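Below you'll find the structure, written out as structure tokens, and then a few comments.
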Protein chains: 2
Amino acid sequence: MAPKQQKTLVDTVFDGIFDLILKGEIPLGGVVNEAVLAERFKVSRGPVREAVKALQGRGLIIKEPYYKARVVDLSLADMVHIFQLREAVEGMSVRLATINMSDQAIDQLLAEFADASEKQQRIVLDVHVRIAEGSGNRRIQSLLCDELYYLLRLYRARSGAQPGRRDTAFSEHWQILRAMKTRDPDLAESLMRSHIGRATEGLHQLLRSESEKAAPVRRQKQVG
Amino acid sequence: MAPKQQKTLVDTVFDGIFDLILKGEIPLGGVVNEAVLAERFKVSRGPVREAVKALQGRGLIIKEPYYKARVVDLSLADMVHIFQLREAVEGMSVRLATINMSDQAIDQLLAEFADASEKQQRIVLDVHVRIAEGSGNRRIQSLLCDELYYLLRLYRARSGAQPGRRDTAFSEHWQILRAMKTRDPDLAESLMRSHIGRATEGLHQLLRSESEKAAPVRRQKQVG
DNA sequence: TCTTGCCGAAGTGTTGACAGTTATACGGGC
DNA sequence: GCCCGTATAACTGTCAACACTTCGGCAAGA
């Protein structure tokens, strides 16, 4: 009973709105107007409503009854919260993958990682996605590869800089994969949590320097 | 800018459908029919669609384009996945609460816990909710108190038995609260993960005994 | 009897109009 | 100029009808 992969207007509009948000055409905190979007995508307001609700369900849009929906602000504090959650879930994800993935699958992941690293390709999100798939836990996969995935993409698109150190990320990923290979779930989880915890700490530093910078002068109102 | 707490038809229908599912009027795996529900709640199909989509977003309903939506099956394997995720997130939740909650708030939680235990009240979900609130992490709170909360409620309503041992749960909660009081985030997290990990293991046992029971004879088709 | 194909019924997806709520603009008074 | 009240415009929530897809029943053929 595998249904055909139908694509409804809601799916198309969802992707379209997410793209507008990614590109900043609807800025962070900006208004999401159903009627305008319906005109833009040449559909009725119904599918737009449903797409907006779906984006709301992924934490990308804030919506209250009768009020104009808004794109989430994605403050640094918000990102700290997301990374704390992600640390816990990615830790469990790699623990389960260490236990559940076959030797062959782990070897293949290691080989692809080594291959991509030689080519200087961006593989950071892919490794996490692959581990989540290997965890065999559909709920964890759904959370990491759906809701948190969109939030991370948005954060990276809007902030430019990655909350992590690109120079050591390769080494940390490698160590995680090695721990998986040796079937040490405790070590794998600990390494993954440290890996993400460092990014969280980096965000914390930004948050602190931001509040110190703001303290001596009047908080500058954002134009948008 | 706190909007009034408006309640739309979608909210009402969401609660109504969830209630039908809780009571088994729509059984696990059962069909969710928009037109029938619209008649039942005396609304148009629009709000029903939106409510169904919202329930889908919480993992309670499975839906593909043009196919009839269905209530999730909530198999034991599914519950194991949910509890594994919950273990990770509740662990991080109590870690953050141990760090972030004020002494006064922790004392109050301890006092309320002791009070409720004398009265033999059901406080299990409340403690977890309170800890999530105390974590100060809105994403964790949202996940534990929204999506996972509904799934847990549904599981308990449909399965009757709690995946846990009521006799030792009090003691385990108490130890967790004590670890919070002494400001030991590592211990608090470890205790919480053990607490939920035991429930997960109980589910695993059920899953194993289920598959052993099914192995020697033809798998009995469920009537529903 | 079993299998396949066709057609109509049952259901889902979308539309445009109406109903209800919030936001904005304008005028009057202080 | 500022504040308040009112009216209207702009928006969100809902409705009923139409468009499109799936499902089930029946008939025909092997």
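Not measured: the values here are computed from a predicted model. First the proteins, then the strands, lettered A, B, ... as listed; each starts at 1.
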Of the listed D:dC23, D:dC15, D:dG13, the closest approach to the B:Y67 side chain comes from D:dC23
Nearest to side-chain heavy atoms of A:S44, which nucleotide of D:dT12, C:dG11, C:dG16:
C:dG16
Would you mind classifying the nucleic acid contact of B:V32 as base, sugar-phosphate or nothing, using non-hydrogen atoms under 4.0 angstrom?
sugar-phosphate
Is there, by distance only and without an angle test, a donor paired with an acceptor across the side chain of B:R45 and the base of C:dG11 below 3.5 Å?
no
Please determine which of A:K53, A:K68, A:R40, A:R49 meets the salt bridge (Lys or Arg N to Asp or Glu O under 4.0 Å) test together with A:E34.
A:R49
I want to verify a distance call: between D:dT21, D:dC15, C:dA23, whose nearest atom is closest to the A:Q6 side chain?
D:dT21
Proximity to the side chain of B:N33 - top-ranked nucleotide from C:dT14, C:dG11, D:dT12
C:dG11
Whole-Å distance separating the CD atom of A:E50 from the P atom of D:dT14:
13 Å
Could you tell me the separation between the CD atom of B:Q56 and the C1' atom of C:dT12, rounded to a whole number of Å?
13 Å
Which whole-number value in Å describes the distance from B:E39 CD to C:dT12 C1'?
16 Å
Separation of atom OH in B:Y66 from atom P in C:dG13, rounded to whole Å:
7 Å
For the CD atom on B:Q205, are there more than 12 heavy atoms of other groups (residues, nucleotides or ligands in this structure) within a distance under 6.0 Å?
yes
Upstream residue (5' side of DNA chain C) when B:V31 and A:V43 are each assigned their closest nucleotide:
B:V31
Provide, to the nearest angstrom, the distance between the CG atom belonging to A:L37 and the P atom belonging to D:dC11.
11 Å
Return the orientation label for the B:F18 and B:Y150 ring planes: parallel under 30°, perpendicular over 60°, tilted otherwise.
perpendicular
To the nearest angstrom, the NZ-P distance between A:K68 and D:dA9 comes to 15 Å
Is A:E39 atom CD crowded by more than 12 heavy atoms from other residues, nucleotides or ligands, each under 6.0 Å away?
no
Check every strand shown and say whether A:G46 touches a base, only sugar-phosphate, or nothing at a heavy-atom separation below 4.0 Å.
base
Selection from D:dT14, C:dA23, C:dT14 that lies nearest to any side-chain heavy atom of B:L9:
D:dT14
Atom CD of B:E34 to atom P of C:dT14: distance rounded to whole Å?
11 Å
When all nucleic acid strands are considered with a 4.0 Å heavy-atom cut-off, which category describes B:K63: base, sugar-phosphate, or nothing?
sugar-phosphate
State whether B:E147 and B:R58 are salt-bridged, where the test is any N-O pair (Lys NZ or Arg NE/NH1/NH2 against Asp/Glu carboxylate O) under 4.0 Å.
no
Counting only side-chain nitrogens and oxygens, does A:R49 get under 4.0 Å of the OP1 or OP2 atom of D:dG13?
yes
For atom CG of B:D11 and atom C1' of D:dT14, their distance in whole Å:
14 Å
